[in-house]
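The next block holds one structure in the form of structure tokens; read it before the comments.
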Amino acid sequence: MNLAGVAGLFLVKAAVVWALSDVPTNENFIARAQVTATVLGNFVYIDGGRVWQIDPDPVLNGFIFAMNSTISIDLTKTWTSRSVALRTIPKPPEIASRCKGHVWTDTGSNGSFYSWGGYWGVAARERVDETPRLYKFTADGNGGGNWSIVPSEEISPFGVLDTLHPAEAGAFATTSDGVGFVIGGKATPWTEKSRQRLEINGTRAHQMVPGMLSFDIKTKTFHNTSSSPALSGETNEHNAIISAVAHYVPGYGKNGVIVLLGGVASPVDKDVDAKFSEPIGFRNLTFFDPVTKESFWQMTSGEEPESPRTFFCAVGFDAGDGRYDILFFGGQNEERDLYYADAWVLSLPGFVWTRLENIPDEWAPGGRGMHSCVRVGKRQVLIIGGLFKSDRDPVPQGLLLFDHMSGGYGLRYEPNDEPYQSPSNVKAFYEKG
Ligand SMILES: *[C@@H]1O[C@H](CO)[C@@H](O)[C@H](O)[C@H]1NC(C)=O
Ligand SMILES: *[C@@H]1O[C@H](CO)[C@@H](O)[C@H](O)[C@H]1NC(C)=O
Ligand SMILES: *[C@@H]1O[C@H](CO)[C@@H](O)[C@H](O)[C@H]1NC(C)=O
Ligand SMILES: *[C@@H]1O[C@H](CO)[C@@H](O)[C@H](O)[C@H]1NC(C)=O
Ligand SMILES: *[C@@H]1O[C@H](CO)[C@@H](O)[C@H](O)[C@H]1NC(C)=O
Ligand SMILES: *[C@@H]1O[C@H](CO)[C@@H](O)[C@H](O)[C@H]1NC(C)=O
């Protein structure tokens, strides 16, 4: 190699200090948010959303950090958020990442999940799919897997896909029988391309999606009902629920139940901000039977979590003796422009609310919203990413763990703990009768 060549090589090396990455180094990592996450076998899969990072070339990259791969984390070994191995699984270019989307998990075989809706994290509208599509990720049992587009001819009823809005910010859950749900949500020009379908009085607009969409994984059948289980009568006809959280509780009733938490009700015929929508409180809760679609309501006792509350996350644990605890963390209050740092447990069948420890300020400056969470190990909750009132996520890689039985919040994942037990004040509630 001649001298000019060596000099050229040196220049190139000096100029490209680092490249944008879906898994930036701890030093370059700023924040991660609006992801979906699920657990398949021994791995957590994190998909979609954005990853903000220290940008080597802000002019070129324009601060757009859409995730271009799916991340997996091994749950068989202990790790800490600082040292965790994040494996990236590339996505084919036709399966661009979306934010605030919905995921339906199939635990059969080595596991797979379906990705439905969400907005495109890359600003260019050219990336938005021309027609609605359903994506599938098939895990390989070793922390890897493949993405594919589910062919529309495999989906029933024939042609249904083209009639649906793959919206963002719906409440979603999957039953143990493999039926996925999305309740409500919002369609925008960034969730679908067709302008005509998103017009209100001749103007392109955000459009609230009323009702409830279900997808049977076994038969690949979509079913859309125009009424939503969370809203009653008159309200139901004119409103859709946005940014609520749905949680499937197995073993309650014949078919289990899906409990709806938080969110706001927005009118379907107006383009209104969540700020100006009706809050859905935590005192009178709605749940429904995922098979019969029959809905029920139940008043709760205990201190009521503050609302309006959107973009929080919930997980559930079997607490023994026929009891079940739903834990939820933080969230956003769009009306007052704040994030919550509190955490709660709703214990069933008592329908009693109990406060958990707040997320410490050290790890959620001014609260945390737009995060996701999954159950990991025997009894830990992995809280993934989020936004807060700070320039940077103080949690390495945005991976915060919670375990009320061993000190609350932390950065260490431990696969071999004892099984989950309810907090003592929840147990005390049942002991009192
Ligand atoms: C993902 O790809 C898009 C389009 O090429 C790019 O704009 C974006 O910066 C990439 N994201 C990351 C984190 O590398
Ligand atoms: C993923 O795709 C590769 C190449 O097409 C194929 O060999 C492999 O079997 C696929 N794996 C799964 C889990 O579908
Ligand atoms: C399931 O995972 C195991 C490894 O854990 C692998 O040997 C097997 O081929 C996988 N099956 C499929 C259908 O991918
Ligand atoms: C379901 O049907 C209702 C009523 O026709 C419609 O307004 C809504 O947009 C549909 N949902 C989806 C996800 O397309
Ligand atoms: C659309 O037009 C109807 C009838 O004029 C009106 O009542 C409604 O408020 C309009 N909606 C919006 C979003 O402007
Ligand atoms: C609880 O909400 C439902 C509608 O979801 C309503 O029918 C019921 O009357 C409410 N219960 C009370 C006690 O307010």
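In each ligand, atom 1 is the first atom listed, and ligand 1 is the first ligand listed. Just the heavy atoms: all of them, side chains too, but no hydrogens, waters or symmetry mates, feed the values below.
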> Between Leu401 and Leu411, which heavy-atom pair has the shortest distance, and what is it?
Replying inline: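 Looks like CD1-C, 3.7 Å.
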> Which atom names give the shortest non-hydrogen contact between Phe282 and Glu306, and what distance separates them?
Replying inline: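 Smallest heavy-atom distance, with atoms named: CE1-O, 3.6 Å.
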> Would you call the rings of Phe317 and Tyr420 parallel, tilted or perpendicular if under 30° counts as parallel and over 60° as perpendicular?
Replying inline: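 Phe317 vs Tyr420 ring planes: parallel.
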>> Could you work out, for atom 6 (C) of ligand 4, the closest of Asn224, Val160, Thr225 by heavy-atom distance?
In response: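 Looking at heavy atoms only, the winner is Asn224.
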> Would you say ligand 3 has an N or O under 3.5 Å from any N or O of Asn110?
Replying inline: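 Between Asn110 and ligand 3, an N or O pair is found under 3.5 Å apart.
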> Under 3.5 Å, side chain of Arg368 to main-chain N/O of Gly385, donor-acceptor pair present?
Replying inline: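 Yes, the answer is positive, given that a donor and an acceptor are paired below the 3.5 Å cut-off.
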>> Using a 3.5 Å distance criterion without hydrogens, assess whether the side chain of Arg379 forms a donor-acceptor pair with backbone atoms of Asp403.
In response: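 Here the side-chain-to-backbone pair does not exist.
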> Going by the atom numbers of ligand 6, which of them fall below 4.0 Å from some non-hydrogen atom of Met299?
Replying inline: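 Answer for ligand 6: 12 (C), 13 (C).
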> Which of the numbered atoms in ligand 6 are below 4.0 angstrom from a heavy atom of Asn284?
Replying inline: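 Close to Asn284: 1 (C), 2 (O), 3 (C), 8 (C), 10 (C), 11 (N), 12 (C), 14 (O).
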> Are any of the heavy atoms in Pro210 under 4.0 Å away from ligand 4?
Replying inline: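 Per 4.0 Å heavy-atom rule, Pro210 contacts ligand 4.
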> Numbering the atoms of ligand 4 from 1, which are under 4.0 Å from a heavy atom of Val209?
Replying inline: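 This gives 8 (C), 9 (O), 11 (N), 12 (C), 13 (C) as the contact atoms.
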>> To the closest 0.5 Å, what do you measure between CG (Asp325) and CG (Leu348)?
In response: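 If I round to the nearest 0.5 Å, the distance is 8.0 Å.
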>> Measuring from atom NE2 of His223 to atom OG of Ser156, what distance do you get when rounded to the nearest 0.5 angstrom?
In response: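 Reported value, rounded in 0.5 Å steps: 13.0 Å.
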> For atom 13 (C) of ligand 4, which protein heavy atom lies nearest, and how many Å away is it?
Replying inline: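 For this ligand atom, the closest protein heavy atom is His165 O, 3.4 Å.
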> In terms of residue, atom name and distance, what is the protein heavy atom nearest to atom 5 (O) of ligand 4?
Replying inline: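 Atom 5 (O) of ligand 4 sits closest to the protein heavy atom Ser226 CB, 4.5 Å.
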Would you mind writing out the side-chain donor-acceptor pairs for residues 38-46 within the sub-3.5 Å range, not counting sequence neighbours?
{"unit_1": "Thr38", "atom_1": "OG1", "unit_2": "Thr105", "atom_2": "OG1", "d": "2.6"}
{"unit_1": "Tyr45", "atom_1": "OH", "unit_2": "Gly144", "atom_2": "O", "d": "3.1"}

> Taking only heavy atoms of Gly141, which atoms of ligand 3 are found under 4.0 Å from at least one of them?
Replying inline: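 This gives 2 (O), 5 (O) as the contact atoms.
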> ligand 3 versus Thr138, non-hydrogen atoms closer than 4.0 Å: side chain, backbone, both, neither?
Replying inline: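 Answer for Thr138: neither.
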> Given that the side chain starts at C-beta and the backbone is N, CA, C, O, which of these parts of Asp140 lies under 4.0 Å from ligand 3, counting heavy atoms, or is it both or neither?
Replying inline: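 Near ligand 3, Asp140 shows its backbone, while the atoms from C-beta on stay back.
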